[in-house]
Structure formats: C-alpha cells, structure tokens
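Here is the structure we will look at, set down as structure tokens.
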Amino acid sequence: MTYQYKSMITGLAFSVPKKKMTNADFEKIVDTTDEWITERTGMKVRYIGEEGQVTSDICTEAAQKAIAEAGISPLDIDIIILGTITGDVGFPATACFVQDKLGAENAAAFDISAACSGFLYGLTIADAFISTGMYKNILVMGGEMLSRIIDYTDRRTCVLFGDGAGAAIVQPSDGNRGIIKSIIRSDGRLAELLIRPGCGSKYPASQEMIDKKLHFLQMAGQEVFKAAVKSMGDVAVDILEQTQLTSEELALLVPHQANHRIISALAKRIKMPMEKVFINVERYGNTSAATIPIAMTEARDEGKLKRDDYCLLVSFGGGFTVGAVLLKY
Ligand code: COA
C-alpha cells in the first residue's frame, strides 16, 4: 500500500516538573495502598508542579527542545496549538503565554479543550493545515498541571493524575514518511462522566461552588473505564481497516496512558502483542493531553520508535473525546 504523506513530525520532546509523588506519599494522605494503586492502575510515580510553576512553563521547556531538534527558529513557527484543560489562567489561551516565552512572534496561538485527546486533536488540525498548504511550521503540544484541579482528599481520583508536557514540530512531509490518517471523535452524551463542573459559566466562582468542591475534577471511574475500552478499541480497529494496515505491520502502539488495564484491553482488541505496546504509566501517571507525546519521545529515545516505523497513537478523554493517528515515523 502506498500512502500520500502531507505532514511529518520533525521534532519531539517533553518536560515534567521536578517534584515526585510516589504511591507511598499517597499512603500518607489518603486511605490507599501501593498494592491497590499498582494493581488497579499500574502507577508508581507522578510529577507535580512546584508552587508558582505554571502549565506554560513546562510546555515552553518541551517546545524549546522540539524546536531545536527540528532545526528551526521560534520565529519560523506559523501556528501554536496547545491541548490543555489546565491552562495558566481562565483566559487568554495558554498557547499565547508559550508564544511569548518562546519569542515565536510570527505565530497564531490557540488552545484546544479535548482533555486527554488534546494532542491527537492538535496533530489532526496541524496535518489539515499543512495539507491545504496554508502553513508550514506548526508547534503542537499537550500540557497539563492536573495537580491544580485535583482533590487530594479523594482517593478515587487523586492517585491517578500527574503534571507534564509534550511537544511536536509538524512540517510538510519529505514524501517518504508522515501522518497517514487520523480520526477524531466525540460523544457529548458522556460529558458528565469526567468533568470539572466549576469555574465556568454554569458555576462561576463563589464560596458555595468551592464548598461543594466543584472546582475539582470529578470522575465516574468504572463508567469511564468501560467507555474508554470500547471507544479506543473501535477507533483503533477503524483506522487499521481504513489504512489497510495490520497490527503485524505496526512497529508500535502508543496509547493514552490512563491505566495499564485499559491499555491491555486495547492491545488485545487489535491483537497487538504487549512487547509492541509502549507503557510508561508507572513513571508519570495520567498526564492527560501530555501522555502521548511523553510516551512517543521516550519510545524514540529508547530505540523502540525508529524512523520509518509504522506507529499507531490512540487516545480517549473527557468529552468524551477519542483520537487515533496512524503515522510512518
Ligand atoms: N485506594 C484504595 N481503594 C480505592 C482507591 C484508592 N486509591 N480508589 C478507589 N478505591 C476503592 C473504592 O472506594 C471502592 O471501594 P468500595 O467498594 O468500598 O466502595 C473500591 O476501591 C473499588 O472501586 P472501583 O471504582 O470499583 O475500582 P476500579 O477497579 O473500577 O478502579 C479506577 C478504579 C479509577 C482505577 C478505574 O475505574 C479506572 O481506571 N477508571 C478509568 C479512569 C481513567 O482512566 N480516567 C481518566 C480518563 S482520561
């Protein structure tokens, strides 16, 4: 099968804050155990931002490394797209703060709110912009400081999430490699399952809103689990069918890192052996939109993702949003 490649990733990097939080740290603040967290989620460590550190700080660090790898200047960047649900402020877009910190004066900058699918939504938008010939150098990021919206007294959610950022430079394909296909989907009927109800037009800032803890992330864990397994499996099957690629031809599956059991179920559905599935959820927890670029960068640095490998990226997140991107790296 020959593919028409429009865009390719030419720079890839990530950044996490320095401060670590282990399962043992959670044992001290909520009624949980290392054994429960490890067995149910696969997680061991997450990174949490220092006081005063903001999402645009870690995004900028990741972006600077990706820009250097692509061999371009910040001034070359046409568009900055940031997937985040934990921006620096209510508005303006955190991508604008990143633009300023990078000195990317010639770019237009905006955020997208697609929760954990933010990076794949961003890659899809970048591929579409490049396909039309409108732009050439696009910075796509997923970056979160989920620690800022987590209730650290709620054991059902607090152990799951960490902070981090990943960045990719997307440029026109050299003709031999790049994004083959992407699929993005949403199902708003499931929007209430994973939500931060407060701080918007429905529940603006008030003492009552804070007292009801509506400014924190809320999740119906089991329902999210089931929806994730089904929707990630469906989108992965569809993208493989539409590109006529088989899981044997894939070198690597890089799924959203929310839970090792969800990842195993996805791998089983598309008959992907676990040795070809990249998992780092034990080292970072769920960093939402950042998990996929962090995992891709680590896979590349460990030699598990090589130039010209076929690689499948699959995500799901609040919304419900789902994404799949199939590329020849
Ligand atoms: N430590 C110890 N016990 C915990 C716990 C924790 N951190 N969190 C929940 N429990 C308890 C529950 O209170 C419940 O106890 P109960 O039966 O006495 O009420 C018990 O464990 C089972 O809870 P349940 O929710 O059924 O567990 P689970 O096997 O579904 O695992 C999740 C919970 C959250 C790990 C799992 O549902 C999950 O991964 N869901 C998807 C979440 C996700 O990926 N979200 C991000 C989407 S991008």
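Everything quoted here is computed from the prediction, not taken from an experiment. Just so you know, ligand 1 is whichever comes first in the structure, and atom 1 is the first atom listed for that ligand.
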Self-check item: Pair Gln207, Asp211: side-chain N/O donor-acceptor within cut-off below 3.5 Å
Solution: yes

Quiz item: Should Gly221 be counted as touching ligand 1, given the test is an N or O pair under 3.5 Å?
Solution: yes

Quiz prompt | Exercise check, heavy-atom protein proximity under 4.0 Å to atom 16 (P) of ligand 1 | solution = no

Self-check item: Is_contact(atom 44 (O) of ligand 1), protein non-hydrogen, under 4.0 Å
Solution: yes

Exercise. If a pair satisfies ring-ring contact (aromatic ring centres under 6.0 Å, His included) and one of its residues is in residues 24-74, list it, with sequence neighbours excluded.
Key: Tyr47-Tyr284

Practice problem: Return yes if a side-chain donor-acceptor contact under 3.5 Å exists between Ser56 and Lys101, otherwise no. | Solution: yes

Quiz item: Does a donor on one side chain sit under 3.5 Å from an acceptor on the other, for Asp163 and Ser147?
Solution: yes

Quiz prompt | 4.0 Å heavy-atom contact, Phe26 with ligand 1 | solution = no

Practice problem: Mark up the atoms of ligand 1 that fall under 4.0 Å of a heavy atom belonging to Arg40, in ascending order. | Solution: 22 (C), 27 (O), 28 (P), 29 (O)

Quiz item: Which residue owns the protein heavy atom closest to atom 10 (N) of ligand 1, what's the atom, and how far is it?
Solution: Trp36 CZ2, 3.4 Å

Quiz item: Any side-chain donor-acceptor pair under 3.5 Å between Thr22 and Asp25?
Solution: yes

Quiz item: Any side-chain donor-acceptor pair under 3.5 Å between Ser7 and Tyr135?
Solution: no

Quiz item: Out of Glu27, Gln222, Met219, His260, whose heavy atom is nearest to atom 42 (C) of ligand 1?
Solution: Met219

Quiz item: Quick one: which ligand 1 atoms are inside 4.0 Å of a heavy atom on Ala258?
Solution: 44 (O)

Practice problem: Answer yes or no for Ala228: is there a heavy-atom contact with ligand 1 below 4.0 Å? | Solution: no

Quiz item: What atoms of ligand 1 come within less than 4.0 Å of a heavy atom belonging to Asp31?
Solution: 1 (N), 2 (C)

Exercise. Could you list the atoms of ligand 1 found under 4.0 angstrom from a heavy atom of Val159?
Key: 7 (N)

Quiz item: Tell me, which pairs form a ring-ring contact (aromatic ring centres under 6.0 Å, His included) where one or both residues lie in residues 71-101, sequence neighbours left out?
Solution: none

Quiz item: Can you tell me if Thr157 has a non-hydrogen atom under 4.0 Å from ligand 1?
Solution: no

Exercise. Quick one: look at Thr32 and ligand 1, take heavy-atom pairs under 4.0 Å, and tell me if it's side chain, backbone, both or neither.
Key: both

Practice problem: For atom 18 (O) of ligand 1, state which one of Lys226, Arg156, Arg155, Arg261 supplies the nearest heavy atom. | Solution: Arg155

Exercise. Could you pull out, from Val30, Asn286, Asn259, the option with a heavy atom nearest to atom 39 (O) of ligand 1?
Key: Asn259

Self-check item: Identified side chain to side chain donor-acceptor pair (under 3.5 Å) partner of Glu144 from the options Thr287, Asn286, Thr84
Solution: Thr84

Quiz item: Distance under 6.0 Å and angle within 45° of the ring axis: does Arg46 meet both against Phe161?
Solution: no

